[in-house]
Every structure is written in C-alpha cells, then in structure tokens.
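Report on the following structure.
In what follows, chains carry the letters A, B, and so on, assigned in the order in which the sequence lines appear, proteins first and then strands, with residues in each chain numbered from 1.
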Number of protein chains: 2
Amino acid sequence: MTGKGRAPADGARRRPAVTLDALVRAGLVVLERDGLDALSMRSVAAELGVRAPSLYWHVRDKEELLDLLADGLLGIGVPALPPVRGDWRVELRDLAWAFRSFLNRRRDSVRVLMGRFPSGPGMAAVMEHQLAMLDRAGFGRQDAAYITYGLSTLVTGFVYGEQRPISAAVVAGVPVREAVTAIGDTIAAFPADTYPHLVATARELTGPHIDERFEFILERFLDGLAVLPRNPKRDGGGTTAAEDV
Amino acid sequence: MTGKGRAPADGARRRPAVTLDALVRAGLVVLERDGLDALSMRSVAAELGVRAPSLYWHVRDKEELLDLLADGLLGIGVPALPPVRGDWRVELRDLAWAFRSFLNRRRDSVRVLMGRFPSGPGMAAVMEHQLAMLDRAGFGRQDAAYITYGLSTLVTGFVYGEQRPISAAVVAGVPVREAVTAIGDTIAAFPADTYPHLVATARELTGPHIDERFEFILERFLDGLAVLPRNPKRDGGGTTAAEDV
DNA sequence: AGACAACAACTAACACTGTTAGGGAGCGAC
DNA sequence: GTCGCTCCCTAACAGTGTTAGTTGTTGTCT
C-alpha cells in the first residue's frame, strides 16, 4: 500500500479500531455463533467493542454488510473445494455436494448467500476454480458461465428449501423426522377424489430421503450437461451421455 | 347516539370482522400494493380496519400468515396454468416459464414463496396438475415427486436471484441494464493473472441475457429427464427417450 | 330473564430493529 | 494555532413482532 498522491493519505494515520476487514470477521463470528436473526448492527458492533452507528462509517447499509459477509462465506468455503480429478462430471458432482455440505454446516450461510451475487475475492476464487474446470472439459465460455450460475442456483435453492422445515421443527422442539412426515400426513388427508395423484404421492413428496432427492435433481442436471456439445480439447472428460441412473 | 365505542355505525361490528380468509386476502392486497417490506402485522390489520394484536387471534405468527399468503399466491397462479398439450416436455417447459412469469409479475411473490412448502389448496392444485401430467407421461411416482420438487426449486431459486439486482438497481435509481453491466465491469477488473478464466468470462457471466440463461438451465434439466426410464403407459407423450437436443 | 362461557376485538407496553443528526476527540498539514 | 479529516460517540426516531390484560358482544343453557 503506502499509496501515493491521490490516495487519501491512509498511511497508518490513526490505527482505526474498526477496519472493513475486522468488521466482516466480526460479522462472520456473530453469524456463526448466534445466527442471522441475532445479527444486528448492534450485535456486530458489540463484537468489535464499539457502538452501532460507528459501523455506518465503513458500510452504507446492513445490506452492504451482508453482501460482504456473503463473499466472506465463500472465502471460507474455498479451502474446502474438492481436489481436481479427471472427469468433469465427477468434479462437478463433488463440487455440488461439497457446496451443499458447506451450506448446511455453516450456520445460516444459505440465507445470507441466497439471491446474492458476491463480487469479492471469495466469489472470484470459487468461480475461477469452476470455470477453469469447465474450460478444461471443453465447454464453451457461454455454456460454462450458464453452468456455474445454474449449479449455484440449484444448490443454493435446494439447501434453502431443505433447511426451512428443519429450523422450524427445531424451534418447535419437534424431531425433524416427525415434522416432515407430519407434512406428509397433511397431504395424505386431502380429498382423494379431487387430488388423486397428489394424495397417492404424499409419501414420495415428503419422504425424508433428502439426500436422494438432491442426488436426483443434481444428476438430472448433469445428464443434461452431458449431451451438450464440447470442444475436443485436452482431457475430454471420459464419459458420454448417460452412465449411471 | 352514545356510539358504542368507536364502532363505525351500521356495520355488523361484532360480526367476525376478521376471518382467516379475509386476513389472507388483505395480506395479499398489501403485498401486491406495498410490497413485502411494508407488510407488517399493523399494515395488514389496518387493511382490515383493525389493530395489529387482533390478528394473533387468527394466526400464531407472522410466519404463519406468510405461509398462508404463500399458498394464497399459488392459488392465484393456478388459473394461469398452461393448458394441457401432448408432449410432457412441452408441458413441463410451458409450466416452468409460466411459473417464472408469474413470480416476476406478482410483486415479491418469490420472496414469500422461497423456501416455503405451502400445504393448502393452492399448492394442492398446482401439484395435482403437475403430477397428473407426469404420470400420464409414464414417470414413476418417486421420479415424479422429485421432478416437481426439483422444478419448483429451480424456478424459484432462479427468479429469486434474478430479482435481487433488479430491485437493488431500482432503489438506487439506476437502469437495470447498466447496473448489471456494472457488475461485469467489476469482474473484468479483477487481476487477470490470478483469475484468468473468470476475467475472460466476465461478460458471459453478467450479460443481460436473462431469458437465455433461464432457458439454458431449464433445458439442461429437461434433457436430464428425457433420458430417464418411463413406463410405456397410455399416451406416452409421443416422444421416446431423447428427441431434441 | 339471567348467568355463563366463548369469541374477538381492544389498549398499553416491551424489547428490539435500522438509521440519522450532530458532537467531539485525536491526528497531519499549513 | 487553526484548519480539516478520520472515526467513534450519544441521543433519538420511527417502526417492528409480540405479549398481557381488558372489554364488549354473542349464543346457549338453566
């Protein structure tokens, strides 16, 4: 640093108690320890030993803070990226599972990430990793862009939906399994003459096979990618259309 | 005279002024007119000519009200369901586009629906429609359940992500198109030596081709469904495994 | 007719929330 | 010194979801 001239003389002039970096780190601590609902300007400020209005010097909004936290979360997830293997399909699958697992492990991360398009180093690292892999597999630039976006949408959306009934059950003190089957009971109790297919599918719709459900949706998407035309580059990826079902 | 309290005269004041149905209808009115951020217990109560705490007689939570609103939204969308055509793929595609269009037209509906699994008549109608179609096409029960869930996750997640930058731009008074390309500029400005693929894909990642992006993701998923085994039932839908790519 | 329970609204209040206005220390530069 | 900048402070506002306790109305049973 020690920027010259135009930079607003930021050379260790008065060590600020709150830097943008410390702010993000404190926010992540609060998020992980107390959850998103307890993450207020005041609680994050308290984590820094400071009062709430001070944060507005570093950040315009709570929204902006959340945007930064979203990117910070991605930055945390980056070291957990699965190592590079040979097959693009295996890699993409591993990546999706790893992402889902991360979202489920890191408290409320999915609620912060949902609908946000972070534009910091965290997002850059994840995207670069993924785009490089897809390029290596021979996907075109536009396709690769769509694929990364689609995959992140898919996983994020899935985990978001997967976590809501769970947290609701936890709040009510009901075991998750019973809460889920309770929804099934509700559906099964619908009038079978007007909703025959729905009632017949009640169990399949609400079954606790959450991993299988994720697997199904993901594999269908990957199947769709497999029939996409690719440039025959180095490392074609090995698999053709459908290998497992 | 001696007006009975502040009762507005000739109405059946003590008749149930608030029914659960009226509550939901009022909530939908407020949601459409003022948006989700302005939908508070007080504002919905005001819409009914009533004070906020009264709502707690009919509803445990704001959460429960939102659950009801979610189902109400689906109920509104039901008449807009596309008519039945022959090919399951065409039907599923039409349905996804119609759902996306509905979510984009009906204010903040995606924020209400996201992550919620409504359990009322609105959800029942949508599900029945979809499950019947999939059954007619020969998909198994479990597959059909996964497909409906996956499709709704996909569309909802996509629209959620699609609407956030738009609303942010609207708030800031910036045209949407410029706001989106601004993100592209940010990404393009990343160090190209550490993030070569990312920088090279900046335009493709943030291009305003939002419809094409949706189409790509959806069609990939449908491609994945096309290679799924199906029972040869009545009305196979005309297509076998893979017809168009 | 009178009593009683039920329903369904009310007022008042609590503990929070995000956010703004304005004040004032500590510092570098003139 | 006196600017002026940075960065945190106190005070306050308008609004939130939600609970407690109260009051009035209605239908039913005696």
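B:His58 has no side-chain polar atom (N or O) that falls below the 4.0 Å cut-off from OP1 or OP2 of C:dC7.
Scanning both residues, B:Tyr146 and A:His209, for their nearest heavy atoms gives OH-CB, 4.0 Å.
When the P atom of D:dC8 is taken as reference, atom CG of A:Leu55 falls 9 Å away, rounded to whole Å. Rounding to whole angstrom units, CG of residue B:Asp37 and P of C:dT17 are separated by 18 Å. Straight-line distance from the CG atom of A:Leu65 to the P atom of C:dT19: 10 Å, rounded to whole Å. For the pair A:Tyr56 OH and D:dC9 P, the interatomic distance rounds to 14 Å; values are reported in whole Å. For the pair A:Lys62 NZ and C:dT19 P, the computed distance is 8 Å after rounding to whole Å.
At a threshold of 4.0 Å, the pair B:Asp185-B:Arg203 counts as salt-bridged, since one of the basic side-chain nitrogens sits closer than that to a carboxylate oxygen. Under a 4.0 Å N-O distance rule, the pair A:Glu162/A:Arg100 qualifies as a salt bridge.
Counting only heavy atoms from C-beta on, B:Trp57 has its side chain closest to C:dA8 among C:dT19, D:dC8, C:dA8. Comparing D:dC8, D:dG17, C:dA9 against the side chain of B:Met41 picks out D:dG17 as the nearest.
In this structure the side chain of B:Phe216 reaches within 4.5 angstrom of the side chain of A:Ile147, judged on heavy atoms. Side-chain contact between B:Leu39 and B:Lys62: present, with at least one pair of heavy atoms (C-beta onward) separated by less than 4.5 Å.
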Under 4.0 Å protein heavy-atom contacts per nucleotide of nucleotides 10-15 of chain D, with B for base, S for backbone only and - for none | BBB---
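Along DNA chain C, the nucleotide closest to A:Arg60 and the one closest to A:Ser43 are compared, and the more 5′ of them pairs with A:Ser43.
The aromatic rings of A:Tyr149 and A:Phe117 sit parallel, their planes meeting at an angle under 30°, below the 60° perpendicular limit.
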